[in-house]
Amino acid sequence: MILVIPSPNLYIRSSKFLNQYLYMEYNFREIEKKWQEYWHDNRTFRAEDKSSKPKYYVLDMFPYPSGAGLHVGHPLGYIASDIFARYKRLKGFNVLHPMGYDSFGLPAEQYAIQTGQHPDITTKTNIARYREQLDKIGFSFDWDREVRTSDSAYYKWTQWIFIQLFNSWYNPETNKAEPIDTLIPKLNNYSSLSEKEQSDLLLEYRLAYLSDTMVNWCPQLGTVLANEEVKEGVSERGGYPVERKLMKQWSLRIKAYAERLLNDLDGIDWTDSIKEAQRNWIGKSVGTSLKFKVENSKSEIEVFTTRPDTIFGVSFVTLAPEHELVQQLTTSEHKKEVEEYITFAKNRSERERMADVKKITGVFTGAYAIHPFTGKQIPIWIGDYVLLGYGTGAVMAVPGHDSRDYAFAKHFDLPIIEVVAGGDLSKESYDAKEGKLINSDFLNGKDVKAAMKKAIAVIEEKELGKGKTNYRLHDAIFGRQRYWGEPIPVYYKDGIPHVLNENELPLTLPEVDKYLPTETGEPPLARASSSWKKDGKYDYEYSTMPGWAGSSWYFLRYMDPENEKAFVSKEAVDYWQNVDLYIGGAEHATGHLLYVRFWTKFLNDLGFISVTEPAKKLINQGMIQGVSSFVYRVGTNVFISKNRIDTAFSADELKQVGMESNDAHVTQIHVDVNIVNNNVLDIDAFKNWREEYKNAKFILEDGKYICGSEVEKMSKSKWNVVSPDLMVEQYGADALRLYEMFLGPLELSKPWNTNGISGVSNFIRKLWRLYHKDDVLNVSNEPATKPELKILHKTIKKIIHDIENFSFNTSVSNFMICVNELTELKCNKREILEPLAIIIAPYAPHIAEELWQQLGHTESVTYAAFPECKEEYLVESAFNYPISFNGKTRFFQEYDLALPKEDIEKEVLTLEQTQKYLEGKTPKKIIVVHNKIVNIVV
RNA sequence: GCCCAGUUGGCGGAAUUGGUAGACGCGCUGGUCUCAAACACCAGUGAGAAAUCGUGCCGGUUCGACUCCGGCACUGGGUACCA
């Protein structure tokens, strides 16, 4: 029979089909769909509220459902946590593995401002898209517990927690939060104050409080930002400039928890880098407060120092420009200069200030302080290197032993006194806490440590100051002048803030005509209709809560998501406790992860929950970077293959592309990575990619166009975004899951390279073939042989070790080795293949379910029992010893493991090869390490 | 500047924590099948002709170092006048 081929194109297509039919026996498209539907219909991953099983809580960091959807980097952590959750189910745990959305946030609101579309609609659309993408990857989430922070049923409780914060104060004696009622009896003459005065006084104690605060004001976003939302002087989202501004704002008193937030880090299994970042952010420093009298004045300046030992090295005092004593101290001769400087400092934006940290600015006030020990005059300066928000907003400057004071002194030519020997003060300050004290009266001759003790003792004795601890951590500003957030459940009556009653919650987000501030600069909520008032007459608070409010307690809501009576029931927390394994990005180190710890401790203080930390173990997954591809354009529309850039073109080539000379300028242009395969450009796809390239001409190498490449952040503008949907479409969800894990250690950042995915795709087909012959299940019930059992149990052992150490990349390798070895042995024994299907199920759940079913099981593999490793199959009787000379392995020799060291030593020396390497010399020493190595020292 | 990671073939990475460096996979080369190609399968693949040399660089400890210690360089992330 003659096969007539109508066109080469069709032929290629039909042959592709043929190959699929012949080799791609495993139809992942059908099978993955089948099991995803099965899991959904049977609610396979539902966590039990009550169970005799031990519990295990695996949580992923709350995603914000952005409009761009997921790229291949997002699911990395979800896949890892999913593997762990599935593993724990196989190990007999009742697993809570939920997912939901942190759905309030800026992008939906910005989109609303531009288009007028209600952020709720945008958010719902984005969530639907997210869900669709997540479902394709086969995650084992318990979707019955989904929460969304923008649902009023959820934010009702976020508001409720805010009210608890408002109604509490931090009692330093019991070292925990208590209801505000326990404070009132401690306040003198409270009852004699007016209502307004009482309110103002209590606001100084409440954990949620209203005050005039220096805030990070972002004019472009029209809102204030928390410190951790500001990066390098611009807003983290959007990159807009930020300035300092004094505003009446709601804040949370997180600073009260600083010490506990710091200490409790020791008890949790988080990465060192996150703990370190939190320690730095909290920034505890122990020192002394010290008062300086001001000459010819009743005022005193209080400074904070960690180096009281250097008190005799003080040569001036510096105040922050905003310091309250500045006006009062400044002498009339210096008034003008000082005022100019204050104006200058105020108008300098945060960004400018940071950009030129090294630029030293300051001004003399004309006033002098009196040194508490020497009685000498000390000039008082103002400088913006001193921050009002830290310590007392004033420093005793010791230029000899503090590099910032040194720089200031050098710049303004102020005296530098050496009080600790060991440095060279003509070059730089000597900041080290080592050396003997000099020029220091009663401290002379002591080392720094002893001098510090002595100085503190004398300072306290003379009542000049006392020991003090400072934290860098600021209270968290809690109001945002935005629309798309939780309304703060507060109304104002005669200028006094009141919180709503619990039965008045939720205070739902009102409709507004526009999502912009009002003409008078009030937040968007001020646009709500005039009926949006408490009891029809009192204004509500117009600020909304920040993005991190809802995410500070969501791990609790998953335990009891439907509860209408409480944010979570006590029984639910008593059972689920806290998160056993939390996986997410390291970028939340000082934001979310600090706030969620704070709220957890607060809720614990009030007795609502039994835990003091949200998560026992935390793992940070690395970023997946993109690999960008480049084409090189010469002239207007000619593209030159990468390795031809520096080579001359032949006259023929020039003619072909219509160019006159060799030396046109080369431009590097990003090209969509989806039309590049192994650096080879798909030229036809490129011509169709954009209209302007339709008639592009090419200078090739070996008949191909080779692109350049570079590792960059994955982003739309760099054309290097790879979507998980496409990977699932082409290779299947199991392949994507395996490949993401196979790429490298979870915590490390690594570039995405689609090329390698064919490796795991082959592996899945090989696995399938182990169980099948001509696409029909072919499994034998014969007992397995010893070598087969050894392969299985070796693999079980390694997989358990790998999963428990979160080394998912090596477990994928181990599966490959296992399947390769079993294929080699042509093993198709049920005794081997059944346990294999179970251990691979957490990684590749779809194919595992299908194999499990074909093996005759009617229940999902999800709740099978993870096989035990039987060591007896792994014992060896002999070991092939590497024989090394001076540590270099030269050859191998097998010896019985029962053979004593001395005998091995003797045996080795008799070997012909040993004599060859000894070259007639006598060995100095022979080291035999049982089951490891033989080393001969020559 | 400070803090935290990291640096191993052409590429992603492995090494039971001091005991055979380069597992596993990609890519590449050769072969089988095919008129040919793709797919699949088989073999090879750190460098070097070899002796040997090889885990960012220099030094140390050790019978033996990718692994431990001291110093340095580079890359990535965080942070920033915190007294």
Side-chain angles (χ1 to χ4, degrees), chain A residues 8 11-12 15-16 18-20 22-24 231-233 271-277 279-281 283-285 287 303-307 318 353-354 357-358 360 383-387 389-398 402-405 407-408 470-473 586-587 589-590 620 622-623 625 627 678-679 709 711 738-739 742-745 747-760 762-763 765 797-798 801 807 809-810 812-817 820 880-892 923-927 929 931-938:
Chain A
Y11 181 61
I12 287 166
S15 101
K16 237 185 191 164
L18 198 70
N19 283 324
Q20 245 178 28
L22 283 176
Y23 300 108
M24 306 260 297
K231 303 265 142 127
E232 288 166 16
T271 54
D272 288 338
S273 59
I274 294 280
K275 287 191 186 184
E276 210 42 44
R279 286 192 191 105
N280 292 339
W281 193 260
K284 179 180 181 175
S285 65
V303 301
F304 173 74
T305 179
T306 54
R307 294 294 302 274
T318 317
R353 210 173 62 81
M354 283 180 184
V357 177
K358 282 180 193 105
I360 293 151
D384 72 350
Y385 80 100
V386 179
L387 307 174
Y390 186 79
T392 59
V395 300
M396 59 174 226
V398 184
D402 181 288
S403 54
R404 294 152 309 185
D405 298 339
F408 197 83
N470 252 309
Y471 300 94
R472 201 191 79 120
L473 182 72
E587 67 273 20
T590 53
N620 298 117
M623 276 216 315
Q625 295 137 324
V627 179
N678 278 325
N679 290 336
S709 70
V711 173
L738 286 170
Y739 188 55
F742 188 61
L743 231 39
E747 317 85 276
L748 257 50
S749 289
K750 54 239 156 189
W752 178 266
N753 182 354
T754 301
N755 295 337
I757 199 170
S758 61
V760 292
N762 286 344
F763 160 75
R765 299 211 298 265
K797 189 177 179 175
K798 284 194 162 147
H801 177 267
S807 176
N809 54 327
T810 51
V812 178
S813 304
N814 280 319
F815 283 128
M816 290 173 170
I817 293 167
N820 286 347
N880 200 18
Y881 283 88
I883 313 298
S884 57
F885 293 79
N886 293 332
K888 292 272 168 207
T889 305
R890 298 303 179 188
F891 62 93
F892 294 89
K924 277 188 198 153
K925 203 175 175 184
I926 302 176
I927 289 128
V929 183
N931 207 8
K932 285 266 158 71
I933 203 167
V934 176
N935 190 20
I936 300 167
V937 188
V938 190

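Numbered from 1 within each chain, the chains take letters A, B, ... in sequence-line order.
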Where does RNA chain B pair, written as one dot-bracket string 5' to 3', with Watson-Crick or G-U pairs under 3.5 Å, ( ) inside the strand, [ ] for crossing pairs and | for another strand?
(((((((..(((......[....)))((((((.......))))))((....))..(((((..]....))))))))))))....
Could you tell me the separation between the CZ atom of A:R279 and the P atom of B:C3, rounded to a whole number of Å?
14 Å
Find the distance A:K275:NZ to B:A5:P and express it as a whole number of Å.
13 Å
Spell out, as yes or no, whether a donor-acceptor pair under 3.5 Å connects the side chain of A:S884 to the backbone of A:V934.
yes
Is A:V398 touching bases, backbone alone, or none of the nucleic acid, heavy atoms closer than 4.0 Å?
nothing
Base of B:G9 relative to its sugar, syn (within 90° of 0) or anti?
syn
Using modelled atom types only, decide if a donor and an acceptor are shared between the side chain of A:K925 and the backbone of A:N935 within a distance under 3.5 Å.
no
Between B:G1 and B:A47, how far apart are the P atoms? Round to whole Å, please.
39 Å
Just wondering, do A:V395 and A:V303 contact through their side chains at under 4.5 Å, heavy atoms?
no
What distance, rounded to whole Å, do you find between the two P atoms, one in B:C11 and one in B:G46?
14 Å
On a heavy-atom basis, which atom in A:G393 and which in A:V386 lie closest, and how many Å separate them?
O-CG1, 3.4 Å
For a side-chain contact (heavy atoms from CB on, under 4.5 Å) with A:M396, tell me which candidate from A:T305, A:D402, A:D405 qualifies.
A:T305
In whole Å, measure the gap between the P atoms of B:A51 and B:C2 for me.
47 Å
When you check the phosphate oxygens OP1 and OP2 of B:C4, does a side-chain N or O of A:T271 lie under 4.0 Å from one of them?
no
Nearest-Å distance once atom C1' is located in both B:A15 and B:U20:
10 Å
Which of these nucleotides, B:G12, B:A80, B:A83, is closest to any side-chain atom of A:S285?
B:A83
Reading RNA chain B from 5' onward, which residue's closest nucleotide shows up sooner: A:I936 or A:S749?
A:S749
Atom pair CG (A:L473) and OH (A:Y390), whose distance is rounded to the nearest 0.5 Å:
11.5 Å
Should the pair A:W752 and A:Y739 be assigned to parallel (<30°), tilted (30 to 60°) or perpendicular (>60°) ring geometry?
perpendicular
Say you pick atom P in B:G30 and the same atom in B:G78; how far apart are they, in whole Å?
46 Å
Would you indicate which nucleotide in B:C26, B:A83, B:G6 comes nearest to any side-chain atom of A:L748?
B:G6
Generate the contact string for nucleotides 16-24 of chain B. Rules: B means base contact, S means sugar-phosphate contact only, - means no protein heavy atom under 4.0 Å.
---BBS-BB
For A:I274 and B:G78, give me the distance from atom CD1 to atom C1', rounded to whole Å.
10 Å
Length of the line joining A:K750:NZ and B:A5:P, which is rounded to integer Å
17 Å
Give me the distance, rounded to whole Å, that separates B:C81 from B:U75 when you measure between the C1' atoms they each carry.
27 Å
To the nearest Å, give me how far apart NZ (A:K924) and C1' (B:C63) are.
10 Å
For atom CD of A:E276 and atom P of B:C2, their distance in whole Å:
15 Å
Could you check A:A277 against A:R890 and say which one's nearest nucleotide on RNA chain B is further toward the 5' end?
A:R890
Can you tell me if A:N931 has over 12 outside heavy atoms packed within less than 6.0 Å of its CG?
yes
Between B:G9 and B:U55, how many Å separate the two P atoms, rounded to a whole number?
10 Å
Has A:K797 got more than 12 heavy atoms of other residues, nucleotides or ligands less than 6.0 Å from its NZ?
no
By nearest atom, which of the nucleotides B:C26, B:A83, B:C39 is closest to the A:L387 side chain?
B:A83
Taking side-chain contact (heavy atoms from CB on, under 4.5 Å) as the test, write out the residues that go with A:E276, two or more places apart.
A:R279, A:N280
Separation of A:Y385 atom OH from B:A83 atom C1', in whole Å?
8 Å
Determine: side-chain N/O of A:N762 to OP1/OP2 of B:C26, distance under 4.0 Å, yes or no.
yes
Using 30° and 60° as the class limits, which term best fits the ring planes of A:F891 and A:F885: parallel, tilted or perpendicular?
tilted
Please give the distance between the C1' atoms of B:C33 and B:U16 as a whole number of Å.
42 Å
In B:U17, glycosidic geometry as syn within 90° of 0 or anti otherwise:
syn
Round to a whole Å and report the spacing from CG of A:N620 to P of B:G78.
13 Å
